[in-house]
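Reading through the structure tokens given below for one structure.
Predicted model only: the values in this text are computed from it and were never measured.
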Amino acid sequence: MESSFKGVLYPARLPTFHRVPAPEEVSHLVQWFWIPEWDIEPGRSSRQHLIAYPASNLVVQSGAAGFSGPTTRAAFRDLTGKGWAVGALLRPAAVPLFTDDPGTMRDQEVALPLEDLVSAVSAAMEPPTGKTQPDGGTRRERAAAAFARWLASRDVVPSDEALLANRMVDIIASEPDVLLIEDAARRLAVSPRTLQRLARKYVGLSPSALIRRRRLQDAAERARSDPTADLAAIAVELGYADHAHLTNDFRKYLGFTPSTYRRSAGES
């Protein structure tokens, strides 16, 4: 999992980035933990471009915790100085812990007073002065474990509806032949209207938006990782009617064309 950069548009520009699997006891709440670390020389910054997973995140960084709702477009963050973040990519069943209406949190971030979580994660990432600093892998594993223990202590017992929302997202994210909401509904033996309701309550984006995000992430990853692959063939493989439709989605949600992205990714 650590080598996966799906969703990161320019992984070569990342200072350090790792993903840590969620322990079994919180796997119904967290897809994985993601941990970037950076040390940028004074006077410079590193801009990180993302086409994020269509989900909410709980993040600990710089002595604070924050909840980020689902995004609707590509975004970027400018990293400066020295720092780290430990984030949990939340599964739908975890979202009601933080908001009753995730749709109102689209492209938004709010600080949360979670001092116990911040303290536990920070202690793993930044041992007290005078203590031996563990190696990076151990530090990240300890931070993810502390995060997981905090989530487990919430004693969340997801409803059948919440678990169905998890399955909806899993199917859309992992099955490339799911191109329409009806495809996902058939696999779950429910109506498209049910999926729309689940997505609104537990994700904050429509099922169609979830499908679109998967296709965009897959297309970006293919265009970047296989510079000789024909873009028109990638478009057809991912269910687009043609190259023009793929290009339109890239322009609308990422702000550039697939060919422009491929060139800029190759120059990173």
Distance col, row I181:CD1 vs Q196:CD, nearest 0.5 angstrom, shows 4.0 Å
Other residues, nucleotides, ligands: >12 heavy atoms within 6.0 Å of D242 CG: yes
Considering all heavy atoms, the nearest F17-P36 contact: CD1-CB, 4.1 Å
Minimum heavy-atom distance D170-Q31, with the two atoms named: OD1-OE1, 4.1 Å
Looking at residues at least two apart in the chain, or sitting in another chain, which of them share a salt bridge (charged side-chain N to carboxylate O under 4.0 Å, His left out) with R73? D107
Cluster link M105 to L112, ILVMFWY, side chain under 4.5 Å: yes
Can you tell me how far apart NE2 (H28) and CG (L163) are? Round to the nearest 0.5 Å. 8.0 Å
Looking at CZ of R19 and CZ of R140, how far apart are the two atoms once the value is rounded to the nearest 0.5 Å? 14.0 Å
Can you name the residues that form a ring-ring contact (aromatic ring centres under 6.0 Å, His included) with F147, not counting sequence neighbours? F33
Out of curiosity, does L29 fall in the hydrophobic cluster containing I35 (side-chain heavy atoms, cut-off under 4.5 Å, transitive links)? yes
Partner residues of E182 under the side chain to side chain contact (heavy atoms under 4.5 Å, CB included) criterion, sequence neighbours left out: L180, R186, P192
Can you sort out the partners of Y240 under ring-ring contact (aromatic ring centres under 6.0 Å, His included), two or more places apart, ordered by chain and number? none
Return the minimal non-hydrogen interatomic distance between A229 and R222, and the atom names on each side. CB-NH2, 4.0 Å
Common cluster, L238/Y261, ILVMFWY with side-chain heavy-atom separation under 4.5 Å: yes
With sequence neighbours excluded, tell me which residues meet side chain to side chain donor-acceptor pair (under 3.5 Å) with S259. T257
With sequence neighbours left out, write down each residue that passes side chain to side chain contact (heavy atoms under 4.5 Å, CB included) with V169, or none if nothing qualifies. P92, V203, L210
Any side chain to side chain donor-acceptor pair (under 3.5 Å) pairs touching residues 110-120, not counting sequence neighbours? D116-W150
Verdict with supporting geometry, I51 and F250, side-chain contact (heavy atoms from CB on, under 4.5 Å): CA-CA 11 Å; I51 176 64; F250 258 67; over 6 Å; no
If you take all heavy atoms of A143 and V86, which pair is closest and at what distance? CB-CG2, 4.1 Å
Spell out, yes or no, whether V20 and L90 are grouped together once hydrophobic residues are joined by side-chain heavy atoms under 4.5 Å, including indirect joins. yes
Find the distance between OG1 (T16) and CH2 (W84) and round it off to the nearest 0.5 Å. 14.5 Å
What verdict does the side-chain contact (heavy atoms from CB on, under 4.5 Å) test give for R215 and I211, after you've listed the backbone C-alpha separation in whole Å, the side-chain angles of each residue and the deciding distance to 0.1 Å? CA-CA 6 Å; R215 295 164 76 191; I211 294 169; 3.9 Å; yes
Shared ILVMFWY cluster between Y202 and V190, side chains joined below 4.5 angstrom? yes
Could you verify whether a donor N or O on one side chain and an acceptor N or O on the other, from T228 and D226, lie under 3.5 Å apart? yes
Suppose we screen for side chain to side chain contact (heavy atoms under 4.5 Å, CB included). Which residues come up paired with A209, at least two apart in sequence or across chains? L205, S206, R212
Who passes ring-ring contact (aromatic ring centres under 6.0 Å, His included) against Y253, sequence neighbours left out? none
Does E175 offer a backbone N or O that forms a donor-acceptor pair with the side chain of R214 under 3.5 Å? yes
Evaluate the side-chain proximity of P258 to T247: yes if any heavy-atom separation is below 4.5 Å, no if none is. yes
Separation of L254 CG from Q217 CD (nearest 0.5 Å): 10.0 Å
Grab the two heavy atoms, one from P96 and one from A93, that are nearest each other, plus how far apart they are. CD-O, 3.6 Å
Taking only residues two or more places apart in sequence, or in another chain, which ones meet N248 in a side chain to side chain contact (heavy atoms under 4.5 Å, CB included)? R251
Which heavy atom of P207 sits nearest to which heavy atom of I172, and what is that distance? O-CD1, 4.2 Å
Under 3.5 Å: donor-acceptor pair, side chain of R200, backbone of G103: no
Are D177 and R187 ion-paired here, with the side-chain N under 4.0 Å from a carboxylate O? yes
Give every donor-acceptor pair under 3.5 Å between a side-chain atom in residues 54-70 and any protein atom, sequence neighbours left out.
unit_1: N57; atom_1: OD1; unit_2: W34; atom_2: NE1; d: 2.8

Residue list, salt bridge (charged side-chain N to carboxylate O under 4.0 Å, His left out) with E25, at least two apart or on another chain: none
Here the gap from E237 atom CD to L246 atom CG, rounded to the nearest 0.5 Å, amounts to 11.5 Å
Side-chain donor/acceptor of R167 to backbone N/O of L188, under 3.5 Å: no
